[in-house]
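All remarks here apply to the structure that follows.
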Amino acid sequence: MNKHFHVQYDEQQLAWLCFDAADTTTNVLTEQALEELDQQLLGIAQAHPKGLVVFSAKKSGFIAGADVKSFASISSAEAAQKLILRAHDIFHRLEALPFPSVALIHGFCLGGGLELALACRYRIASTDPSTRLGFPEVRLGIFPGFGGSVRSIRLLGHLPAMQMMLSARPVSARAAKRIHLVDYAVPQRQLKNAARKLIEEQPPEHRLTLLQRIPGNIALRPVIARLLRKQVSKRVQQAHYPAPYALIAHWQQHAGNTTGMYASEAQQVSSLLTGETAQNLIRVFLLQDHLKGLAEKSGFKAQQVHVIGGGVMGGDIAAWCVLRGLRVTLQDRAPEYLGHAISRAHGLFRKKLKDRYLLQNAMDRLLPDHLGNGIGKADVVIEAIFEDIDAKQTLYEKIEPQMKAGALLATNTSSIPLEKLAEKLQHPPRLIGLHFFNPVAKMPLVEIVTQPDNPTQLIADAASFAKAIGKLPLPVKSRPGFLVNRVLMPYLLEAVTLLQEGVPAADIDQAAIRFGMPMGPVELADTVGLDICLSVAEKLSETLHNEVPENLRNKVEAGNLGRKSGQGFYVWTKGKAQKEASRATADKLDHYADRMILRLINESMACLREAIVEDADLLDAGIIFGTCYAPFRGGPMHYVEKTGKAEILSKLRKLEYTYGSRFTPDPGWENHSQN
Ligand code: NAI
């Protein structure tokens, strides 16, 4: 009995193989699905139709990729290699069919899904904006392993294929057509007819020109590999992210030898897959799914949103909601306060949408509304006005009676307890926090800030709204700093303390980057704005038992606010911090990193003890998606698991002895049992 692949033959003797993975809304190539595909291919080969068309029954897309969940439990490199070689066999069988095969692609076609499509003789993609083709594997710490590294090069040419695999960036149907990744890009309704025509006509397959084959020349490969490595090294270090470097080496050594390349692909990918980086990145991928899953307990659907406060945050939240397809009314104290927000929104739409018609549509969905006429029609009202208790309370008192029954009332406050803000509402439990991070368009996390009386359904509805606008929802308790700022602040303050001790900013940033942070803390503080850092630090100083370092206060008093004022801890020119190269020894850098990271970890433990988040996995997810904490390390609590609680505690005690009570191990460590 087939659960995933179903075949039908039509009167024109075409076999239509439909992928409709059982019990899920997304097609994923699990081991079971692959075996079923193999069985179906055997049957189809025997039936010998005129052609085979592979398509998906899922609304969400063609195939999302291989089964990432199963990667997390793979026991050894040998077991991984067995699985990969089996997939190779199956895709070889598809490729070797003696009649034409076509993959019909609508929606996402990623990783293993694209590799399956590449094993077909032809590919047709729908021009729908949801259609995306790509190899996201390096983001998971591996590279394409189901024959993709061989077939993509054969089809696209060496450089375009390597760029596609190294960048992990998906392309649209039209872009895929331009680089010959697909044979045709047509509107969705024409996909099936196009497949019939292709099988009927059987045009010659795309072949590379001599020029496109040249980079594969054995004499040129070392030079090109060096250039590719240089390009990659600007983004990631080999010690942290080995996959792109392994892909380049694999290409350099085996391009031109198909058999050797398949064998090397299987061997390299299985060894990467079971390595620490890939396992941690897979963990991050699964945590992301876990956060999305928190939204599933609600059927809440919003069509219209009203945002109050068109400043830095409100303006960008409104623009983001519009970009995700919602209608938004944006309110501020007077019309003149809305101009900036509308022009920033226009910039964002232009960058993201590219198409004039879509851009105009987006602009039409964003309505300046200084009188608040949209309040009564909105499904969600988001308040993002000044961080002032009285102003916010007065506003809620005024708008509550105007709101639709069942509409969400959310605040973007970053520091005021929700219980306090809700005091003057007729129904205080209806207020919930939707804490977005700056810059809204880039940061994937939204903290769903809860007060004890919030109904469970309301929390699920808020999470569902966050997910619907493409953000990852994380429920947190309304305590100072919530989760992300609370944990990030000790790390930043330790960096500022190091500066105060005379350590050069470049050394401090280098120490964090060596640990795996995407940006050093000093540059981060300058980017966020030192005035904002100071205000959060002051609000958290009691909770963190940390005096605000004098040098932070002095900078702000002198008007040196960081990037936005052209000077902070760094001097900024043309949006770039002017940094000198770090000359500190490895030992010194490790010591600085320990001081900063251990404060972050100790505070994470305090948050767990206070149950700010439900568990250590959610904490790790929040810190990774809210602060960009080194993803390849799998999150702070996962780092504790890997390093060992005893070692973390011993380091904390040594630092406590030298630097004082800010390093005192949190009482939560006593009850923490390591898995
Ligand atoms: P902002 O000062 O840039 O913007 C506030 C806007 O609210 C101004 O345009 C102001 O005219 C408007 N406003 C004030 N009172 C109003 C009222 N009664 N009715 C209508 N509009 C009113 O402030 P920002 O930075 O956007 O912060 C807004 C909220 O977001 C604050 O609660 C802040 O704590 C929070 N937040 C800020 C972050 C940041 O990085 N700036 C990050 C996350 C949260």
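Ligands are counted one by one from 1 in listed order, and the atoms in each one are counted from 1 as well.
- Scanning Ala334, Gly309, Ala384 for the heavy atom closest to atom 28 (C) of ligand 1 points to Ala384.
- In terms of protein heavy atoms, atom 37 (C) of ligand 1 is closest to Met313 CG, 3.3 Å.
- Aromatic ring centres of Tyr639 and Phe515 lie closer together than 6.0 Å.
- Looking only at protein heavy atoms, the nearest one to atom 34 (O) of ligand 1 is Ser414 OG, 2.8 Å.
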- [ ] Starting from the C-alpha separation in whole Å, work towards a yes-or-no answer on side chain to side chain donor-acceptor pair (under 3.5 Å) for Ser478 and Gln451.
- [x] CA-CA 6 Å; Ser478 169; Gln451 40 166 337; over 6 Å; no

Please table the atom pairs, donor to acceptor, closer than 3.5 Å between any side-chain atom in residues 616-624 and protein atoms at least two apart or in another chain.
residue : atom : partner : partner atom : Å
Asp617  : OD1  : Arg283  : NH1          : 3.2
Asp617  : OD1  : Arg283  : NH2          : 3.2
Asp620  : OD1  : Met637  : N            : 2.7
Asp620  : OD2  : Arg283  : NH2          : 2.5
Asp620  : OD2  : His638  : N            : 3.0

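- Heavy-atom proximity to Thr413, at under 4.0 Å, picks out these atoms of ligand 1: 32 (O).
- Counting only heavy atoms of the protein, atom 40 (O) of ligand 1 lies nearest to Asn438 ND2, 3.2 Å.
- Annotation for ligand 1: atoms under 4.0 Å from non-hydrogen atoms of His435 are 43 (C), 44 (C).
- Considering only non-hydrogen protein atoms, atom 29 (C) of ligand 1 sits nearest to Ile385 O, 3.4 Å.
- Only the backbone of Phe436 comes within 4.0 Å of ligand 1, counting heavy atoms alone; no side-chain atom from C-beta on gets that close.
- Of all protein heavy atoms, the one closest to atom 4 (O) of ligand 1 is Gly311 CA, 3.2 Å.
- Residue contacts with ligand 1: Lys392 is placed with a nitrogen or oxygen under 3.5 Å of a nitrogen or oxygen of the ligand (distance criterion only).
- Distances from ligand 1 to the non-hydrogen atoms of His370 include no value under 4.0 Å.
- Classification of Arg563 and Asp526 as a salt-bridged pair fails, no side-chain N sitting under 4.0 Å from a carboxylate O.
- Because its NZ or CZ atom is both nearer than 6.0 Å to the ring centre of Trp320 and within 45° of the ring axis, Lys471 counts as a cation-pi partner of that residue.
- Polar contact with ligand 1: absent for Tyr337 (N/O pair, distance under 3.5 Å).
- Residue, atom and distance of the protein heavy atom nearest to atom 25 (O) of ligand 1 are Val312 CB, 3.9 Å.
- Of the heavy atoms in Thr411, none comes closer than 4.0 Å to ligand 1.
- The shortest contact between atom 9 (O) of ligand 1 and any protein heavy atom is with Asp332 OD2, 2.7 Å.
- Protein non-hydrogen atoms do not reach within 4.0 Å of atom 23 (O) of ligand 1.
- Within the 4.0 Å heavy-atom criterion, the part of Ile532 lying near ligand 1 is the side chain and not the backbone.
- Among Glu387, Glu447, Lys398, the residue whose heavy atom lies nearest to atom 32 (O) of ligand 1 is Glu387.
- Put simply, the side chain of Asn412 never gets that close to the backbone of Met313: no donor and acceptor are under 3.5 Å apart.
- Considering Asp509, Leu488, Leu600 in turn, Asp509 is the only one that fulfils the side chain to side chain contact (heavy atoms under 4.5 Å, CB included) rule with Pro521.
- For atom 35 (C) of ligand 1, the nearest protein heavy atom (residue, atom name, distance) is Asn412 O, 3.2 Å.
- Electrostatic pairing of Glu610 and Lys477 does not count as a salt bridge here, judged by no charged N lying under 4.0 Å from a carboxylate O.
- Salt-bridge formation is detected for the pair Glu501/Arg595: a Lys NZ or Arg NE/NH1/NH2 atom is positioned less than 4.0 Å from an Asp or Glu carboxylate oxygen.
- Remark: Glu336 CD is packed, more than 12 non-hydrogen atoms of other residues, nucleotides or ligands lying under 6.0 Å away.
- Salt-bridge formation is detected for the pair Glu387/Lys392: a Lys NZ or Arg NE/NH1/NH2 atom is positioned less than 4.0 Å from an Asp or Glu carboxylate oxygen.
- Residues Asp531 and Lys564 are paired through a salt bridge, judged by an N-O separation under 4.0 Å between the basic side chain and the carboxylate.
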